Asker: 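I am attaching a structure below and will ask some questions about it afterwards.
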Amino acid sequence: MSKVHALAPMTMQEEEVRALLEALHLEHAVHVTFQIGARLMVPDFFLPKLDAVIECWRSESRRGVALGWAERNALYVNLKFRRLKAVRPGVRCLGLAEFPQVDVESLRSVVGAVMEDADFMAYSMEEFGSVVRELGGV
């Protein structure tokens with residue numbers, strides 16, 4: 001793990017996640033870089049005391065487009081989680097996928113099917129808050 005990656009701006013969703021983490025008084029860093037072989041990986045958040053990373057993604061696209069994008073992005077995020085776990089055993093990986101135009105069961109079915117290396121997945125900010133509270137013992 002190295003310094004915060006200052007060049008990556010925060011999305012509106014990441015701002016919401018940061019506000020939640022701050023409200024729960026959970027120590028966190030945004031866009032911290034991890035060296036994985038010759039590559040750098042930059043998760044959205046790192047919670048050092050919990051040894052956990054968070055990746056989040058959201059789309060307002062209509063259902064069909066959103067589900068395709070959700071699946072492709074989930075595959076990418078899962079690969080990041082797998083690579084991080086290979087060099088940092090014990091790290092916990094949490095994903096937040098929000099797609100308001102898609103029913104939660106369809107989203108769970110499509111995204112959940114490819115998120116084998118996620119320790120926790122949430123599909124709404126409310127569900128995410130519950131998972132983070134449990135993870136952090138809050």
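Quantities reported herein were computed from a predicted structural model and do not represent experimental measurements.
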Asker: Shortest non-hydrogen contact from A97 to M121?
Answerer: CB-CE, 4.1 Å
Asker: Between S61 and A66, what is the shortest heavy-atom contact and its length?
Answerer: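 Nearest heavy atoms, S61 then A66: O-CB, 3.5 Å.
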Asker: How many angstroms lie between CG in L96 and CD in E127, if you round to the nearest 0.5 Å?
Answerer: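 Interatomic distance, L96 CG to E127 CD, rounded to 0.5 Å: 8.5 Å.
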Asker: Answer yes or no: is there a donor N or O on one side and an acceptor on the other, between the side chain of Q35 and the main chain of G37, under 3.5 Å?
Answerer: yes
Asker: Examine distances only and state if a side-chain atom of R92 and a backbone atom of D119 form a donor-acceptor pair shorter than 3.5 Å.
Answerer: no
Asker: Measure the spacing between CD1 of I54 and SG of C93 and express it to the nearest 0.5 Å.
Answerer: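 Here the rounded value is 10.5 Å.
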Asker: Check P43 against E55 and note the closest heavy-atom contact, atom names and distance.
Answerer: CA-OE2, 2.8 Å
Asker: Taking a hydrophobic cluster as the set of Ile, Leu, Val, Met, Phe, Trp and Tyr residues connected by side-chain heavy atoms closer than 4.5 Å, whether directly or through intermediates, do V91 and L79 fall within one such cluster?
Answerer: no
Asker: Find out whether V53 and F81 are in side-chain contact, i.e. whether some heavy atom of one side chain is under 4.5 Å from a heavy atom of the other.
Answerer: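 The answer is yes, as the side chains (C-beta and beyond) meet within the 4.5 Å cut-off.
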Asker: Would a 4.5 Å heavy-atom cut-off, applied to side chains only, mark E14 and F45 as touching?
Answerer: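 A side-chain contact under 4.5 Å exists here.
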Asker: Assess the residue pair V65 and Q101 against the criterion (side-chain contact (heavy atoms from CB on, under 4.5 Å)); give the C-alpha distance rounded to whole Å, side-chain angles, the decisive distance to 0.1 Å, and a yes or no.
Answerer: CA-CA 10 Å; V65 172; Q101 304 300 324; over 6 Å; no
Asker: Is R82 atom CZ crowded by more than 12 heavy atoms from other residues, nucleotides or ligands, each under 6.0 Å away?
Answerer: yes
Asker: Are side-chain heavy atoms of V87 and F34 found at a separation under 4.5 Å?
Answerer: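 A side-chain contact under 4.5 Å is absent here.
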Asker: In sequence, state the C-alpha distance, the side-chain angles, and the governing distance for V110 and F99, and then conclude on side-chain contact (heavy atoms from CB on, under 4.5 Å).
Answerer: CA-CA 12 Å; V110 169; F99 290 76; over 6 Å; no
Asker: Can you tell me how far apart CG (L47) and CG (L21) are? Round to the nearest 0.5 Å.
Answerer: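 CG of L21 is found 5.5 Å from CG of L47.
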Asker: Go through the structure and list residues passing side chain to side chain donor-acceptor pair (under 3.5 Å) with E98, not counting sequence neighbours.
Answerer: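 E98 satisfies side chain to side chain donor-acceptor pair (under 3.5 Å) with Q13, R58 once adjacent residues are dropped.
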Asker: What are the two closest non-hydrogen atoms of V30 and R18, and how far apart are they?
Answerer: CG2-CD, 4.3 Å
Asker: Flag the pair D44 and K80 as a salt bridge only when some basic side-chain nitrogen lies within less than 4.0 angstrom of an acidic carboxylate oxygen.
Answerer: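 Answer for the salt bridge query: no.
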Asker: Please give me the minimum heavy-atom distance between A74 and M115, naming the atom from each residue.
Answerer: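 Answer, listing the atom of A74 first, then M115: O-SD, 3.2 Å.
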Asker: Do the side chains of V17 and M10 get nearer than 4.5 Å, heavy atoms only?
Answerer: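 They are not in contact (no side-chain heavy atoms under 4.5 Å apart), so the answer is no.
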Asker: Sequence neighbours left out, what passes side chain to side chain donor-acceptor pair (under 3.5 Å) with N78? Give chain and number order.
Answerer: D117
Asker: Do you know which two heavy atoms are closest between A70 and V111, and how far apart they sit?
Answerer: CB-CG2, 3.8 Å
